[in-house]
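Scroll down for the structure; my scribbles are underneath it.
Note on naming: letters A, B, ... go to the chains in the order of the sequence lines (proteins, then strands), and numbering restarts at 1 for each one. None of the values given here were measured: they were computed from a predicted structure.
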Amino acid sequence: MSVLSTPAPAPSAAARERSPFEEALRRLVRRRGAMIGLAVVVFFIAIAVFAPYVAPYDPTATSWLAVRKPPTWEHPFGTDEVGRDVLSRVIYGARASLSAGLVSVALAVAIGLPLGMIAGYAGGFIEAALMRLTDAMLAIPFLILAIALAAFLGPTLTNAMIAIGLSATTIFIRLTRAQVQSVKVEEYVEAARAAGATPLRIVLRHILPNILPAILVQATLTIAAAIIAEASLSFLGLGQQPPDPSWGSMLNTAKNFLSQAPWMAIWPGLSIFLAVLSFNLLGDGLRDALDPRHRN
Amino acid sequence: MLRFFLKRLTTIIPTVILASMIIFALQQLLPGDPAIAISGEEKDPEVIAFIREKYHLNDPLPVRYAYWIGGVLQGDMGESIRLQQPVAQLIVSKFPVTLQLAVMAMAIALLIGVPLGVLSAVYNGKAMDYAANILALWGLSTPNFWLGIMLILLFSVQLGWLPASGYVPPTENLWENLRAMILPAFVLGNSIAAVMMRHTRAAMLQVLSSDYVRTARAKGLSPRAVIIRHCLRNASVPVITLGALEFGALLSGALLTEQVFSIPGFGKLMVDAVFNRDYAVVQGVVLCTATTYILLNLLADLAYFLVNPKLRRS
């Protein structure tokens, strides 16, 4: 009797007031890997934005007196085959890589999210047609499709971004459709429908906010893949064109001078690795924070 | 089994047809007139008219697609403008090189990924688990072409142990072939090993918490016997099927790896074709890659069906 009458311990005021967003943020902040990833991402974004103030030299300025010089205090990352400062080029290269990652994923989300919501909510013929098209696009490996698209569109950074964005669209169509299908049968969606809400209102007001966390996680992980894809396209000569720097195109040049100037290959590659690793760490952390079931 | 196969085939055929339509439609992205683009520097009107006639460029798009796919079905994917050879013949000659690279890379990925995944699951939450996860993150975040360049720098330029580039057919000299292929295969297998490690870890964690493993332990079986005989056997089913799907990533990766190591395979054929505006070759290679990927998907499904008694019974 005494057990039955014992009141349950009251949750603390802080726990009671915390919203799901705050809870997720708390879990994210506790994950050391995600925080390191976030710090490095912020660092790269900062050097990309403030490149003109941070870079010690003009990234395209050549100097025949400083051809393939090893790292010194004057040029901490050394110089390249035409005497350009490698550090300045790595700093400016962050612009191409990060903008390619962010713009192409924004494009993929902008196309994939609405199409996935239509497929998931409407069902029937529209869904079947969209899914067959998505399956067909998914059958062509991501990078191969991006290279083929970039080849036909022409070799520029903008076209590389379009190619990567279009290739990544299918990921978001499939993910959004699956998320919408699982959310649209929830009771609160049924209730909104019963209350006479229009399909557009249901999708935008009740379904979209609930599927955004999954989209955010996928977007973060896809940025990592897009950075590698941009570097790959630039490495092949299908992205950023010389003399403008990009980490991929710097590696393409560096491979011809490996025995004479290995530093030309080390820094741009390390930058790609760090940027991709950071987005992967952040994406993994976000996934764990937004969906704790994933932790194990 | 036959019903399952036929059911999967009915979904695969429209996918292959749609994929071929997308690949054909890529040509429409060419800025301007494709006949002028193909005709070269001189832009001779007679050559342009000949190209228009030859490639049916005066016909509407669906008719051109019908001509193209009709040819593909008969083994005719057009002709390489640069090499003056049938595209199908080029693909057949380059495919074994990429296949050898892909098989060696997959073997390396399995040799690294599966034991690491097992150790990571068995020592879940311990130092070994963290170390394996760090290695997986390293594999997933390292661009293939950079790793390739770094390994060339170490093993070829600095140590001089392995050739930096080139290819020797295995029929000519097997030892030299293996020496030339080991670095590219490791580079290509590195990222797949990370994926395999994650798949194996997830599958092993699921199996380790199942009732029959608890029973096997309760019966007094040694931990090694439980892991090898009970866990690994069951966990390997999803790992093998998911591994088949990773061949798509292998084909993408091969493209860059072959470029770094100058291996005359499928990927190098496509990249060279891209730079020489040899669009028939680009379309042919992409179509073959997509078809191979779809077929591997089908094989993975069939393998899963064969080894999963629950699916067979249903």
Here the pair of heavy atoms bringing A/Ala139 nearest to B/Tyr293 is O-CD2, 3.2 Å
Taking a cut-off of under 4.5 angstrom between non-hydrogen atoms, the residues of residues 249-256 of chain A near chain B are A/Leu251, A/Lys255
Highest number of heavy-atom pairs under 4.5 Å with chain B among A/Leu281, A/Asp135, A/Leu143, A/Leu258 belongs to A/Leu258
Heavy-atom closest pair (A/Ile140 atom, B/Ala290 atom, distance to 0.1 Å) is CG1-CB, 3.9 Å
(Q) Around atom CD of A/Glu127, are there more than 12 heavy atoms from other residues, nucleotides or ligands closer than 6.0 Å? (A) yes
- Query: Would you say B/Met128 has more than 12 foreign heavy atoms packed within less than 6.0 Å of its CE?
  - Reply: no
Across all chains, not counting sequence neighbours, the side-chain hydrogen bond (donor to acceptor under 3.5 Å, both in side chains) partners of B/Glu258 are B/Thr98
If you tally heavy-atom pairs under 4.5 Å between each of A/Ala148, A/Pro155, A/Ala150 and chain B, the highest tally belongs to A/Ala148
Against chain B, residues from residues 260-274 of chain A with at least one heavy atom under 4.5 Å, in numeric order, are A/Pro262, A/Ala265, A/Ile266, A/Gly269, A/Leu270, A/Ile272, A/Phe273
Expected contact set for residues 129-138 of chain B against chain A at heavy-atom separation under 4.5 Å reads B/Leu137, B/Trp138
When the 4.5 angstrom heavy-atom criterion is applied to B/Ile23 and chain A, the contacting part is side chain
Bottom line for B/Leu153: the part with an atom under 4.5 Å from chain A's heavy atoms is both
Under 4.5 Å to a heavy atom of chain B? For A/Ala231 that would be both
Tightest non-hydrogen contact, residues A/Ile228 and B/Leu140, listed as CD1-O, 4.2 Å
- Query: Is any side-chain heavy atom of A/Val276 closer than 4.5 Å to a side-chain heavy atom of B/Pro143?
  - Reply: no
message: I'd like to check A/Leu145 versus B/Val286 (side-chain heavy atoms, cut-off strictly below 4.5 Å). Are they in contact?
response: no
Ranked by heavy-atom pairs below 4.5 Å to chain A, first place among B/Ile149, B/Val157, B/Ile17 goes to B/Ile149
Turns out that what part of B/Gln283 lies under 4.5 Å from chain A's heavy atoms comes down to side chain
Heavy atoms of B/Ala19 and A/Ala136 approach each other most closely as N-CB, 3.5 Å
Does atom CD1 (A/Ile126) have a neighbourhood of more than 12 heavy atoms from anything else shown, all under 6.0 Å? no
Minimal heavy-atom distance between A/Ile144 and B/Met270, with the atoms involved, is O-CE, 3.7 Å
Within the 4.5 Å heavy-atom criterion, are A/Leu236 and B/Phe145 side-chain neighbours or not?
no
- Heavy-atom neighbours of B/Phe275 CZ exceed 12 at 6.0 Å: yes
